Amino acid sequence: MTATRHNGFTLAEVLVASTISSFIAIVAVGALNAVSHTAQTVGQASEVHAEVRFAARMLAQDLANLYRDPNPQNVKLIGVSQGSETTGPPFLSFYTVGRAKARADQPEGDVYEVEYFLGSRDAQQGAASGPDEPMVLFRRLWPNPDKEREPRGILTPIADNLAVFYIRFSDGQEWTGQWTEEMQALPKLIEVTLGTATPEKGDPVLDTFTITFPRMAE
């Protein structure tokens with residue numbers, strides 16, 4: 001008597017195969033989500049790094065092109081660092097030489113008044129900022145330098161979500177967080193640090209640079 005051989009799967013084998021397939025699918029979907037989330041996080045971090053670096057380069061270039069004149073009355077550089085003993089926002093204002101026009105349809109020279117300050121988006125409309133609003137680094141550019149009037153100019157947001165705008169001025173002997181018109185001179189060194197707030201995970205993005213004016217400070 002010959003036994004009949006069946007080549008099909010048993011119910012137990014089908015259940016085991018289905019369980020393994022489901023497990024593999026769950027693992028694959030989880031891995032895909034993790035990769036997608038990681039790529040998105042890396043992309044956002046890269047954008048933040050690029051934005052902070054861009055703002056730092058622009059500010060450093062404007063400082064490097066500081067307008068120089070034998071008459072100190074024609075040279076301007078004043079600023080207050082974040083954390084200084086003042087109630088106003090941190091800012092840095094000076095005369096710079098540039099070729100990028102503030103107003104494309106107006107005749108302009110090459111000496112501009114430029115100001116960088118930390119404020120909220122509402123500052124673009126002249127409104128006061130709230131305590132919990134994200135801060136923005138603004139650049140104000142004006143083609144008619146004049147110490148006798150209130151600052152005006154074309155206001156442009158340079159970097160979003162900044163929380164750090166530290167400025168240090170050195171006269172060659174010590175550092176200070178403020179430089180006023182009463183100094184009657186330029187600092188020998190300016191150190192600027194721009195940075196984001198500390199995120200929930202990881203470290204904040206910081207960029208620090210130093211500009212020197214040795215001949216102008218003598």
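It should be emphasised that the depicted structure is a prediction, and the values quoted were computed from it without experimental measurement. Numbering of residues begins at 1 and proceeds along the displayed sequence.
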Is it the case that the side chain of Trp179 and the backbone of Ala185 share a donor-acceptor pair, with hydrogens and angles ignored and the cut-off at 3.5 Å? yes

Inter-residue atom distance Leu77.CG - Thr180.OG1, 0.5 Å rounding: 11.0 Å

Correct closest heavy-atom pair for Glu51 and Ala159 would be OE2-CA, 3.5 Å

Let me confirm one number: the CE-CG distance from Met135 to Asn161, rounded to the nearest 0.5 Å. 11.0 Å

For Gln82, which residues count as a side-chain hydrogen bond (donor to acceptor under 3.5 Å, both in side chains) partner, sequence neighbours excluded? none

Quick one, Ile167 and Phe91 - any side-chain contact, counting heavy atoms below 4.5 Å? no

Would you give the length of the straight line joining atom CD of Glu113 to atom CZ of Arg140, rounded to the nearest 0.5 angstrom? 8.5 Å

Linking I/L/V/M/F/W/Y whenever any side-chain heavy atoms sit under 4.5 Å apart, do Leu194 and Phe54 land together? yes

Just wondering, do Arg168 and Ser81 contact through their side chains at under 4.5 Å, heavy atoms? no

Thr212 side chain to Lys188 main-chain N or O, any donor-acceptor pair under 3.5 Å? yes

Membership question, hydrophobic clusters at under 4.5 Å side-chain separation (ILVMFWY): are Tyr166 and Leu118 in the same one? no

How about Asp62 and Arg139: do any of their side-chain heavy atoms sit closer than 4.5 Å? yes

Would a 4.5 Å heavy-atom cut-off, applied to side chains only, mark Tyr67 and Thr96 as touching? no

Please find the pair of heavy atoms, one from Leu137 and one from Ala55, that lie closest to each other, and give the distance. CD2-CB, 3.9 Å

Just do the side chain to side chain contact (heavy atoms under 4.5 Å, CB included) check on Thr156 and Leu141 with the steps written out, would you? CA-CA 8 Å; Thr156 306; Leu141 187 66; over 6 Å; no

Could you tell me if the side chain of Val97 sits less than 4.5 Å from the side chain of Asp110, heavy atoms only? yes

If only side-chain N and O atoms count, and only distance matters, is there a donor-acceptor pair under 3.5 Å linking Asp69 with Tyr95? no

What is the minimum heavy-atom distance between Pro187 and Ile190, and which atoms define it? CG-CG1, 3.7 Å

Looking at Thr208 and Thr193, would you say the former's side chain and the latter's main chain have a donor-acceptor pair under 3.5 Å? no

Is there a side-chain contact between Trp142 and Glu115, using heavy atoms and a 4.5 Å cut-off? no

Which heavy atom in Ser84 sits nearest to a heavy atom in Gly177, and how many Å separate them? OG-O, 3.2 Å

Which residue pairs pass the salt bridge (charged side-chain N to carboxylate O under 4.0 Å, His left out) test when at least one of the two sits in residues 153-164, sequence neighbours left out? Arg121-Asp160

In chain order, what residues pass the side-chain contact (heavy atoms from CB on, under 4.5 Å) check against Phe209, with sequence neighbours excluded? Ala56, Leu59, Ala60, Leu63, Val192, Ile211

According to a hydrophobic-cluster definition based on side-chain heavy atoms being under 4.5 Å apart (Ile, Leu, Val, Met, Phe, Trp, Tyr only), do Met58 and Val164 belong together? no

Starting from Val75, can I reach Phe169 by hopping between I/L/V/M/F/W/Y residues whose side chains sit under 4.5 Å apart? yes

Grab the two heavy atoms, one from Phe117 and one from Phe165, that are nearest each other, plus how far apart they are. CA-CE2, 4.1 Å

Transitive ILVMFWY side-chain link Val80 to Leu189, under 4.5 Å: no

